[in-house]
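It should be emphasised that the depicted structure is a prediction, and the values quoted were computed from it without experimental measurement.
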Amino acid sequence: MGLDKEHSGILDINMEKVRTILTHTYPYPHEHSRHAIIAVVIGCLFFISSDNMHTLIQKLDNNIKWWSMYACLLGFFYFFSSPFVGKTIKPSYSNFSRWYIGWILVAAVYHLPSFQSMGVDMRMNLSLFLTIYISSIFVLLVFHLVFLGLWYLGLVSRLAGRRPEILTIVQNCAVLSVACCVFYSHCGNHALNEKRLGRRDSGLFSLWKKGETSIWLSKFLKIYEFKDEICKSWFAPVGSARDYPLLSKWVIYGEFSCSGPCESSDEISPIYSLWATFIGLYMANYVVERSTGWALTHPLSVEQTEKLKDEQMKPNFLDMVPWYSGTSADLFKTVFDLLVSVTVFVGRFDMRMMQAAMSRVHEGAKEDFLYDHLSVKDHLWFDFMADTGDGGNSSYSVARLLAQPSLYAFNDESLLSLPRGDLLLIGGDLAYPNPSAFTYEKRFFRPFEYALQPPSWYKDEHIAVDKPELPSGVSELKRYDGPQCFVIPGNHDWFDGLQTFMRYICHKSWLGGWLMPQKKSYFALQLPKGWWVFGLDLALHCDVDVYQFKFFAELIKEKVRETDSVIIMTHEPNWILDWYWDDVTGKNVSHLVKDHLKGRCRLRMAGDLHHYMRHSRVPSETHDSVQHLLVNGCGGAFLHPTHVFSNFDKAYGATYEMKAAYPSVEDSSRIALSNILKFRKKNWQFDFIGGFIYFILTFSMFPQCNLGHILHKDDTFSGHVKNFFSTVWDAFMYMLGQSYVSSTGYHTLYEWYKSVESEHFPDPTGLRTRIEQWTFGLYPACIKYLMSAFDVPEVMAVTRTNICKNGLNSLSRGGATIYYASVFLYFWVFSTPVVSLVFGSYLYICINWLQLHFDEAFSSLRIANYKSFTRFHIKEDGDLEVFTLAVDKVPKEWKLDPEWDNEVRQPQMASHNRKYPSKWRANAFHQDPINTVRIVDQFEIQPTYKLQVAAVNGSMSR
C-alpha cells in the first residue's frame, strides 16, 4: 500500500467529508419532489382507470379530431422539452423548464372543448390547486421565518441558520397541491354522516378476511368499490370539530351530502386534513434535520457509504464549451477580450516585441529562446498535440495516453510498442473559450495533473523566476531524465494579450509531471541527429514579427548546418487555411522557409483545425518546398470536419496529395448531418438567442384579427389535410372566443371559484374572513392574481378582443406589456424548436453542400470523440518515424484506477517513474483510451543529408 494513501475503513471516513455529503446544497434535494410526483401520478392514473377511463374510451370516436389535436399539442411541447428529458443539463434551468412546460400546457388544454364534451370540468381542480399552492407557500414561508428567528435567538442549533432553497419550497408546495387535487377529484370533500369503520373492519383489510377465493376475487375486480373503500378508510376525515375544540375555528369543514333538508356538517374537511398532514410532515422533518443534527448522528449503512464514496471518487471535469450559449459569461468575456486584443494589441502593442526587448537587457539572450540539451541523445521520442483545454473527458483521454510509459497499438495486424515521449510539444489554444486563471487551471492543467502528477513538493501558487527549476539532485537540464514540455500560444491564448500564457507557461515549471523549461512564447529546440524544432508564435497576425524573424534567421545562419533537418511548429496551418479562404498569410514564415532554410524544412505541423490531416508533396523538381504538411488539433477541443478540405492540393508553389485524414472524409460528411436533429439538444442555451431575436422580429405582427381566409375546405386529399389543420385553427379560435374565456373580462376562473367555494368548502366559523383581515386583503388578492397569471390564454384572448375592437392605442403601456409577455410565453415554446431546426438545417446545408461555416457547423455539435496526437521517433540512423495515435470514442465516466491507488511508491518518487501514472481510468475496461488507441497514420521522413546524398547519386548516375 502506498505511503500517501488514506485508510479506507468505514470508521475512518473524514468527518468533514461526511458533513459535506450529508449537508446537501439543497436541504431537501429535488429527488424528494420527483419521487413524490411519481407517487402522485401513479395514484392519479389508478383512480382515473377505475372511474373515468371507460367514459373517455366511449366518447373517443366522437372526439377523434380533438384527440389528434391533443397529440399534436403534446408532441410540440415534448419537442420543446426534449433536451431536458433523461438528463439534467443544468439543474435550475432544467427544473424551471419542466414546471414552465407543465404550466402553459395545462393552461392551454384547460380551454379546449373536448374535456367539456366528456363531462370533465377542470375548473375546480385548477382553482383548488392554485388556492392550496399559494396557501402552502405562505404557511411555509412563515414557518421558515419563525425558525430563522429561533436560530437568531440561539434556541436551535447552528445548522438551522442555513436558509432553505426557495425552489425546494416551491416544488414541495406544488407536489402537495397536486396530491390534494387528485384526492378531491376522486374522493371529493364529503363529510361522513355515518359512523366510521374501525381498522379491523375497514377497507382493504376486509378483503383478506373472506374465506372464499371467489368472493375475494369478485371484490378485488370491482376497482371502483376498492377505490371507494380507500377514500372512506385511508383518507377519511380526522373527525368532527367537536372532538377538537381548539381547532374548531381554524379548520375548513367538509361538504355534507344528504337528500332533503339536513343540518350543516361539523366534520373537518378531508382535503384540509390531508393538506395539514403534509404540511406537518414537512415541518417535522425540517425541524429534526436542522435542530438536532440527526443526519450526523445516524451513520449511513455500509452500502450507502460505499456508494457515496464512489460518487466522491470521480474527477470533476468540465463539459465541452457551449459555443452557442446565450447565457455564458465566458463567451461574452471572450468576445470582449477579442475586441480589445484586435483593437489594442494588433499593430500597436505586441508581447513578442517586449520579450525580445527584455532578453536584450540580459546577457546570453539566446538562452531564453534556444535549447540544445536534448541534442546529445542517441535517439529521441517526442509527442505533438494541440488544441486542448475544452472538455475534461477528451483532454484527459489524450493526456492519459501521453503519460503512459508505453502504448501498445496495432498497425497492419502487428502490435507496436511506443515509449512515452521525452518531449511534449503543444501547438497552442490551451484553454477555451478564453485565457483566464479559471480556464487554464480547470480545463488545461487539471487533466494533465490527473494524468501525470507534479512533484510532491510543487505548489500551484509558486511563480518560477529563474527557470529551469530542476528537482533536487539534478544539476543541469541535460541530466534531467523526466518528460519535458514546450508550448506555443494559439489565437485563443492571445485574447488577453498573452498575459495568462506568460503567467502559467513562462513563469510556472510544471504541467502535471512534465517539466517546462520554457521562458518565452517562441523557441528553438536542437534535437539529435541534426533535427531541429522551431516553435513559432504567430499571435493574432498569422505571422511572426520582425524580431522573431531576426532570431530564427540568425539562428539558421549560425547554428543550423546545411545537412540539418527542421520541423516548423505553428498554431495555424496557413497552407490549408489560405487555400480555403483564398488568402495569403504568413509571408514572413514563407520567406524564412524558402529563402533561409532552402529545402531543409522537412515538416510543418500545426493545430487550430481540430482534426488530423497529412498532405505530402508530389515528387517534383521543387526541392525547396516543405515535404510534409501535418495538421493535428485533436488534443481535446470539439471536432472539425475533414471533408471540407479534401480538395486541397497546392501550397507554396508545390503540389500536394492527401495521405491521411481522421476522421475520414466519409465519416466527416455523415457527422455533419447531426446538425439537423441534434442542434437544439446540444445547444439548448441557443433558445435565449434565437427565441428573443425571432420574437423581436415578429412581435409587431400580433394580434392578427382576420385570419379566417387562410384555410379552405374541399374533398381532395389536400382538402383532408387542410381539414385537420382547420381543426387546429378552430381549437385556437375557440380558445380565444369561447370556452371558459369570454369577452366579459379577466379573472373568470377566480370569480367562478368564489361562486362555488362556500358550497364545496363550508366555512361557518368565518376563517377566510379573519385571514383576509389579518393579511390586509392579501389572501384573496394573491389567489385572484395567481389564477389570472396562470390563465395566460384568457389574458391573450381578452386583450386581443379589446385590441381588435378598439385598436392598440386603447391599451396602456402596462396592458401592452402584459399582452406581449403572455404571447411570448407560448411563442417561446413553439418558436425555439423551429428556430433551432432551421438554423441547424442551415448549418448542414452550408457545410455539406456549400463547404461554408466549417467552424460554426461543428462547434455546434460539441463532439468530444475522435481525439489523437502524433508521436515521433528520431532513430539512430537519423530517420524520423511518425505515428499518429487516435481514440475514436472518449469515455464519459471515470473511476479511481485501483492499480494507481495500490502501486507501491517511495517518498519523493517522481510520477514519471511509476508503472501506472494516471489517477483515473474509464468505468468500462473496453472503453479506456489505453485499450482502444490505434494508429491511424504512419510514415517516415528521411533527414536532409540523406536526400542530398540521394540527389547527388542520382545526378551522377545520369
Side-chain angles (χ1 to χ4, degrees), residues 33 36-37 40 44 99 102-104 106-107 109-111 120-143 169-191 235 237 247 249-255 265 267-280 282-283 740-741 746-795:
S33 298
I37 290 176
V40 169
C44 182
W99 290 109
W103 162 35
I104 58 176
V106 172
V109 173
Y110 156 65
H111 287 288
V120 179
D121 192 345
M122 296 180 62
R123 286 180 294 183
M124 177 55 78
N125 288 308
L126 286 176
S127 54
L128 182 62
F129 169 83
L130 296 173
T131 302
I132 296 176
Y133 181 67
I134 195 66
S135 302
S136 302
I137 289 180
F138 174 76
V139 170
L140 292 185
L141 287 178
V142 171
F143 163 73
I169 297 176
V170 168
Q171 289 197 165
N172 278 284
C173 289
V175 173
L176 185 155
S177 304
V178 170
C180 291
C181 290
V182 171
F183 174 79
Y184 177 79
S185 297
H186 303 286
C187 296
N189 190 42
H190 297 290
F235 297 110
L247 297 178
K249 294 185 177 181
W250 300 96
V251 296
I252 300 296
Y253 290 82
E255 181 181 358
S265 169
E267 293 281 351
I268 298 176
S269 165
I271 303 295
Y272 181 86
S273 302
L274 186 64
W275 174 81
T277 301
F278 285 143
I279 291 291
Y282 177 94
M283 293 180 178
Y740 299 130
V741 177
Y746 304 101
H747 312 301
T748 55
L749 180 60
Y750 175 76
E751 292 171 359
W752 179 88
Y753 175 72
K754 292 296 291 183
S755 66
V756 299
E757 183 182 39
S758 299
E759 175 185 352
H760 296 285
F761 299 94
D763 182 22
T765 63
L767 176 61
R768 297 189 188 92
T769 304
R770 295 197 302 274
I771 294 178
E772 182 177 355
Q773 293 174 351
W774 294 336
T775 59
F776 302 99
L778 287 177
Y779 162 68
C782 289
I783 295 177
K784 176 180 179 180
Y785 288 103
L786 179 63
M787 289 184 179
S788 181
F790 172 84
D791 201 353
V792 177
E794 178 188 67
V795 176

* To do: Would you list the pairs meeting side chain to side chain donor-acceptor pair (under 3.5 Å) in which at least one residue belongs to residues 770-783, sequence neighbours left out?
  =>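 Those involving residues 770-783 do not exist here.
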* Structure fact -> Residue set satisfying side-chain hydrogen bond (donor to acceptor under 3.5 Å, both in side chains) with Y753, at least two apart, ordered chain then number -> E757
What is the distance from atom [atom1] of [X] to atom [atom2] of [Y], rounded to the nearest 0.5 Å?
X: L176; Y: C181; atom1: CG; atom2: SG; answer: 9.5 Å
X: I271; Y: C180; atom1: CD1; atom2: SG; answer: 6.0 Å
X: Y272; Y: L767; atom1: OH; atom2: CG; answer: 7.0 Å

* Hey, are the side chains of L140 and C173 touching, using non-hydrogen atoms and a 4.5 Å cut-off? ->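 The answer is yes, as the side chains (C-beta and beyond) meet within the 4.5 Å cut-off.
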Side-chain donor-acceptor contacts of residues 130-137 below 3.5 Å, not counting sequence neighbours, with atom names and distances?
{"unit_1": "T131", "atom_1": "OG1", "unit_2": "S127", "atom_2": "O", "d": "2.8"}
{"unit_1": "S135", "atom_1": "OG", "unit_2": "T131", "atom_2": "O", "d": "2.7"}
{"unit_1": "S136", "atom_1": "OG", "unit_2": "I132", "atom_2": "O", "d": "2.7"}
{"unit_1": "S136", "atom_1": "OG", "unit_2": "W275", "atom_2": "NE1", "d": "2.8"}

Atom pairs and distances, side-chain donor-acceptor, residues 780-788, under 3.5 Å, sequence neighbours left out:
none

* Can you list the steps and then say if Y184 with F761 is a side-chain contact (heavy atoms from CB on, under 4.5 Å)? -> CA-CA 11 Å; Y184 177 79; F761 299 94; 3.8 Å; yes
* To do: Can you establish whether the number of heavy atoms outside F143 located under 6.0 Å from its atom CZ is more than 12?
  => yes
* Sequence-distant partners of Y750, ring-ring contact (aromatic ring centres under 6.0 Å, His included), two or more places apart -> none
* Please list, chain by chain and in numerical order, all residues satisfying ring-ring contact (aromatic ring centres under 6.0 Å, His included) with F278, sequence neighbours excluded. =>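 Counting only residues at least two positions away or on another chain, F278 forms no ring-ring contact (aromatic ring centres under 6.0 Å, His included).
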